[in-house]
Amino acid sequence: MRPSVLRLYPADYRCTHGDEIAEVYGETVRDAPASVRYRETLDIAGHALRLRLGLGSAGRPAELVATAAPFALAASAAWSAAYITGWYVGARAGAQQPVFHLHPQLTALMACHLVVLVGAVTALASRWLPGVLLTAAGLTLLTGTSLAVGPVHADPVGLTAVMAALTAVIVLGCPPDLRPAPSTRALAGAAAAVAWLPLAALYAHLLPITTDYGAWPFLVLAATGAGTALAARSSGLLHLAAMALAAAPFVALSASVWGSALPVLAGWALIPLAAVPTYALHLLRGGRTPAL
């Protein structure tokens, strides 16, 4: 059995390994239920796309994406939770804030964010692959829906679509043999909660400030990346680069607060800037080379 999905592989790889993959696929799905065939087909498609993007299991790009993936899921969960919380708090405010009334465009966006949230929580809490697929589906729907319905509230349509699409690529690009350990997923889930809870309190007017200017989620990822690097006794370059990549959903969230690019980029820059003190501490602890 030679599945048509093999056409997704680069031609030279398909010529070299196509028969072997087809043989393994045939043995795996023989007399298997449809769910198994579907899962194996998705695994092959994902592997093929990672090879086309240069994200095989070996090399720094694969390691970077694998490090970023669980925190991209965490950022997606916090972004979607913040979006849903903002709507809910506004809806409870009643007629004084009619902008929050549920209309078709907002309904579509809310549905996309709900899919993203459920998928990200599933991936981080229990089942990685189904959760990742559901998250990527939600992000893909969010990309298309944002472009289709136009701006709702202060959402930057183009940026929201780009960041959602980028995040979908990151979470799908994690190689199967580099999937995060349960402890890493737990850390990512905790980071999502820490990023979201103060925003929820802010929206509910439980804090003495009126806005965080979009900076808090970036600070959470910067601190998480620096702490992870120090615990691993690494320079922090890989960890904080991964966190900067994972912060794509927070870029869209921050842009909805600011409405302009420069402050958003300044907030995003907090993550790579955290590499400076992290690397300095690495050297003070006896690090001799910029070990990633």
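Since we're looking at a predicted model, the values are computed, not measured.
- Under the 3.5 Å distance criterion, the side-chain polar atoms of T16 are matched with a main-chain donor or acceptor of D12.
- Between R7 and R14, the shortest heavy-atom contact is O-NH1, 3.4 Å.
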Problem - Candidate pair T184 and T67, rule side-chain contact (heavy atoms from CB on, under 4.5 Å), full reasoning - result: CA-CA 9 Å; T184 302; T67 304; over 6 Å; no
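- Across every non-hydrogen atom of F218 and V264, the tightest pair is CE1-O, 4.2 Å.
- Contact check on E27 versus R30 returns no salt bridge, with no Lys/Arg side-chain nitrogen under 4.0 Å from an Asp/Glu carboxylate oxygen.
- For the atom pair L141 CG and L109 CG, the distance stands at 11.0 Å (nearest 0.5 Å).
- The two residues A193 and P198 make their nearest non-hydrogen contact at O-CD, 4.3 Å.
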Practice task
Tell me, with the steps shown, if L6 and I21 meet side-chain contact (heavy atoms from CB on, under 4.5 Å).
Solution key: CA-CA 8 Å; L6 287 178; I21 295 173; 3.6 Å; yes
Practice task
Please report the C-alpha distance between W268 and S254 in whole Å, then the side-chain angles of each, then the deciding distance to 0.1 Å, and finally whether the side chain to side chain donor-acceptor pair (under 3.5 Å) criterion is met.
Solution key: CA-CA 9 Å; W268 200 2; S254 178; over 6 Å; no
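- Taking the six-membered ring for Trp and thresholds of 30 and 60 degrees, H113 and W79 have ring planes more than 60 degrees apart, a perpendicular arrangement.
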Handout entry: Worked verdict on V116 versus L134 for side-chain contact (heavy atoms from CB on, under 4.5 Å)
Key = CA-CA 7 Å; V116 172; L134 187 59; over 6 Å; no
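- In this structure, T85 and W196 have side chains that are in contact, with non-hydrogen atoms separated by less than 4.5 Å.
- Across all non-hydrogen atoms, the minimal contact from A161 to T143 is O-OG1, 3.4 Å.
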Practice task
Show the numbers, then the answer: is there a side-chain contact (heavy atoms from CB on, under 4.5 Å) between W128 and T122?
Solution key: CA-CA 7 Å; W128 175 262; T122 300; over 6 Å; no
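- Listed for the T135 side chain is a donor-acceptor partner under 3.5 Å among the backbone atoms of A120.
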